J.: 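Sharing a structure with you now.
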Protein chains: 2
Amino acid sequence: MGRRNKSKFAILGLLSTEPMSGYDIKRAAEASIGYFWQEGYSSIYPNLKKLLSEGLVSNKVEAQTPGPDRIVYSLTEKGWEELKAWLMLEPEPEPVRNELLLKLFFGEHLDAKHQIRYLEKARVANEIRLKSLQSIVARLKSELPDQSGLPYWLITLKFGIHTRTALDAWFEETINDLKTVVKGSGSKPFTKFVLKAADGGKNVE
Amino acid sequence: MGRRNKSKFAILGLLSTEPMSGYDIKRAAEASIGYFWQEGYSSIYPNLKKLLSEGLVSNKVEAQTPGPDRIVYSLTEKGWEELKAWLMLEPEPEPVRNELLLKLFFGEHLDAKHQIRYLEKARVANEIRLKSLQSIVARLKSELPDQSGLPYWLITLKFGIHTRTALDAWFEETINDLKTVVKGSGSKPFTKFVLKAADGGKNVE
DNA sequence: GGACCCATGTAAAGGGTTACATGATTCA
DNA sequence: TGAATCATGTAACCCTTTACATGGGTCC
């Protein structure tokens, strides 16, 4: 059962930090959990209604002298309980789909220059993200040293830093490999090789 | 437009290595691209029909003396062209959703023992995968040194090895952090902090 | 006899993304 | 005047996942 609605809990989590409107939630999501969790308006607004009908959040209309009305949502007691209960559950391993790897895996049919082009682009994007994560860590530590959430925010940021650093090394290695690739003459498929093996990389969960 | 059907190309790619039945495709997918791309029967069989009607694959019924008939699919010339054209396109950055990180980000509301429990489990699973990838690399190099696909298979395997090694370090660090976590007294939300900042980690694509 | 593998599918449900839709305010 | 931001939503589509369904063969 991996089809459960997790957006609901992302929204509850964000509302647990402070009351917000749907619009705020979108912006807060981008700014905080954005690099590992994305939500669009079309998931936020319907979910807020659902959460309201389940009694997990309450709302209040705030009129703004200049500008449109805002509908501000807050967590209810019940909402807090649901959130905490969910946080305790072991996360389900989510199925991964990596289009870049899929294209590289079947890359022998292609002139390597195409792959090098998009790998170099992806590498630059990765480096920018990495630097941005590092600067956020530095600023958090110096500007918000006493916040109770700090250790947890740092944990998620360090996840990004660890994996993106590793990714950068892989990009460099891979681009170099592709620049000097020498193809063998055989054409046995990988699939056969692994299938024949006792248990190459099977069902290790 | 991230809604395009990529399963089709995964199937074309697998069929490019050799003709297979739907059942074979499932097994071959698990054995080769399984750790970064999953396909189920309910996506394979309908897609094979679609590919057939588009003329990208052809099929042939093979009777087996013992056992049920097999419907074996092969790439057509047109299928080859479509596959190559797709391989040249720059991969779209896919939205990431990491439930583990989501739970950790809001983890301050929780007793750390829950997180430590599932982190330790996840770490073991990660280590097993890592070792399996390393052994596949070793075996490929020694047993299939001359195959033209080898450099590309190694590239995807090394991706897994790099990122999972980094992940292992992060697991260790994180579990230690959580065992000794000392919470601050403040309760400013992270979101406000980043939103106020000029451009903490925004829209870096 | 029961469990498990081979082999091929269908149906329903659910979630997420894209595109569409509206309207006010602010800034250049 | 036009572009961008604030603010809230709806509708349709597509894909994926889960569950259901069938039937023969093999091994213990």
Side-chain angles (χ1 to χ4, degrees), chain A residues 1-11 19-31 37-53 57 59-73 92-99 102 195 199 202-203, chain B residues 1-11 19-31 37-53 57 59-73 92-99 102 195 199 202-203:
Chain A
M1 290 168 195
R3 224 61 338 253
R4 240 189 313 309
N5 183 357
K6 286 165 193 167
S7 298
K8 271 171 51 171
F9 297 104
I11 293 169
M20 285 188 273
S21 71
Y23 191 80
D24 294 337
I25 290 171
K26 177 72 167 31
R27 296 196 61 208
E30 279 168 7
W37 198 275
Q38 287 93 36
E39 290 294 345
Y41 290 123
S42 50
S43 125
I44 291 171
Y45 287 113
N47 270 311
L48 281 172
K49 284 197 173 167
K50 213 177 286 178
L51 289 168
L52 191 67
S53 76
V57 301
N59 68 359
K60 199 169 60 170
V61 178
E62 264 182 25
Q64 292 180 112
T65 30
D69 287 0
R70 292 159 42 81
I71 306 174
V72 178
Y73 293 82
E92 304 169 5
E94 357 209 359
V96 184
R97 286 190 148 198
N98 190 319
E99 186 186 344
L102 189 62
L195 282 174
D199 182 13
K202 208 194 142 213
N203 267 355
Chain B
M1 289 168 198
R3 225 61 338 254
R4 238 186 318 305
N5 184 358
K6 286 164 193 168
S7 298
K8 272 171 51 171
F9 297 104
I11 294 169
M20 285 187 272
S21 71
Y23 190 83
D24 292 338
I25 290 172
K26 177 72 172 21
R27 294 196 61 208
E30 278 168 7
W37 198 273
Q38 287 93 37
E39 292 293 344
Y41 290 123
S42 50
S43 125
I44 292 171
Y45 286 114
N47 271 312
L48 282 172
K49 284 196 173 166
K50 212 176 287 177
L51 289 168
L52 191 66
S53 75
V57 301
N59 68 359
K60 200 168 60 172
V61 177
E62 264 182 23
Q64 293 181 112
T65 31
D69 286 0
R70 292 159 43 81
I71 307 175
V72 178
Y73 294 84
E92 305 169 4
E94 357 209 0
V96 184
R97 286 192 148 196
N98 190 319
E99 186 186 344
L102 188 61
L195 283 174
D199 182 12
K202 208 194 144 212
N203 267 354

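Within every chain, numbering begins at 1; the chains are lettered A, B, ... in the order of the sequence lines, protein sequences first and strands thereafter. Quick caveat: nothing in here was measured; it's all calculated off a predicted structure.
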J.: Are any of the side-chain heavy atoms of Leu48(B) and Ile25(B) separated by less than 4.5 Å?
T.: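 Yes, close enough: below the 4.5 Å cut-off.
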J.: What integer distance in Å separates Gln38(B):CD from dT16(D):P?
T.: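 Rounded to whole Å, this separation is 12 Å.
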J.: If you compare all heavy atoms of Trp37(A) against all heavy atoms of Ser7(A), which two are closest, and at what distance to 0.1 Å?
T.: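 Of all heavy-atom pairs spanning Trp37(A) and Ser7(A), the closest is CZ2-N, 4.4 Å.
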J.: Of all the heavy-atom pairs spanning Ser43(A) and Ile11(A), show the shortest one and how long it is.
T.: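 Result for this residue pair: O-CD1, 4.3 Å.
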J.: To the nearest Å, how far apart are Arg70(A) CZ and dT8(D) P?
T.: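 Interatomic distance, CZ of Arg70(A) to P of dT8(D): 7 Å.
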J.: For Gly40(A) versus Lys26(A), what's the shortest heavy-atom pair and its separation?
T.: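 That would be CA-CE, 3.8 Å.
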J.: Atom CD of Glu99(A) and atom P of dT16(D): how far apart are they, to the nearest Å?
T.: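 These atoms are roughly 12 Å apart.
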J.: Where the side chain of Ser7(A) is defined as all heavy atoms beyond and including C-beta, which of dG16(C), dT16(D), dG9(C) is the nearest nucleotide?
T.: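 When the side chain of Ser7(A) is considered, dG16(C) is the closest of dG16(C), dT16(D), dG9(C).
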J.: What's the closest nucleotide to the side chain of Ile71(A) if the choices are dA7(D), dG9(D), dA7(C)?
T.: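 Selected nucleotide (nearest to the side chain): dG9(D).
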J.: Rounding to a whole Å, what distance do you find between Ile25(A):CD1 and dG9(D):P?
T.: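 In whole Å, dG9(D) P and Ile25(A) CD1 are 11 Å from each other.
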J.: Ignoring hydrogens and angles, tell me if any N or O in the side chain of Glu99(A) forms a donor-acceptor pair with the backbone of Glu94(B) under 3.5 Å.
T.: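 It does not hold such a pair.
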J.: If I take atom CG in residue Asn59(B) and atom C1' in nucleotide dA7(C), what distance separates them, rounded to the nearest angstrom?
T.: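 My rounded result for the distance is 15 Å.
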J.: Let me know the distance between CD of Glu94(A) and C1' of dG16(C), rounded to the nearest Å.
T.: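 Those two atoms, CD and C1', are 14 Å apart.
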J.: Which nucleotide sits closest to the side chain of Pro95(A): dT17(D), dG16(C), dA7(D)?
T.: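 For the Pro95(A) side chain, the nearest candidate turns out to be dT17(D).
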J.: In whole Å, I'd like the distance from the OH atom of Tyr23(B) to the C1' atom of dG23(D).
T.: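 Distance check: Tyr23(B) OH to dG23(D) C1' gives 14 Å.
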J.: Report each atom pair, protein N/O against N/O of nucleotides 10-12 of chain C, whose distance is under 3.5 angstrom.
T.:
| residue | atom | partner | partner atom | Å |
| --- | --- | --- | --- | --- |
| dT10(C) | OP1 | Lys49(B) | NZ | 3.3 |

J.: Base, sugar-phosphate, or nothing: which does Gly40(B) touch, judged by heavy atoms less than 4.0 Å apart?
T.: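 Contact class for Gly40(B): none.
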J.: Under 4.0 Å between a side-chain N/O of Ser21(B) and OP1 or OP2 of dT8(C), yes or no?
T.: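 Yes, within the criterion.
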J.: Do any side-chain nitrogens or oxygens of Asn5(A) fall under 4.0 Å of OP1 or OP2 in dG16(C)?
T.: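 For dG16(C), OP1 or OP2 has a side-chain N or O of Asn5(A) closer than 4.0 Å.
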J.: Salt-bridge test for Lys6(A) and Glu39(A): reply yes if a basic N is under 4.0 Å from a carboxylate O, no otherwise.
T.: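 No salt bridge links Lys6(A) with Glu39(A).
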J.: Consider side-chain contact (heavy atoms from CB on, under 4.5 Å). Of Asn5(B), Leu52(B), Val57(B), which one does Asn47(B) pass it with?
T.: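 Only match with Asn47(B) under side-chain contact (heavy atoms from CB on, under 4.5 Å): Asn5(B).
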J.: Is any side-chain N or O of Arg27(A) closer than 4.0 Å to OP1 or OP2 of dT5(D)?
T.: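 So the side chain of Arg27(A) is outside the cut-off, no N or O lying under 4.0 Å from OP1 or OP2 of dT5(D).
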J.: Calculate the interatomic distance between Glu92(A) atom CD and dG15(C) atom P; express it in whole Å.
T.: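 My rounded result for the distance is 12 Å.
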J.: Using heavy-atom distances to pick each residue's nearest nucleotide on DNA chain C, tell me which of Gly22(B) and Arg97(B) is more 5'.
T.: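 Closest to the 5' end, via its nearest nucleotide, is Gly22(B).
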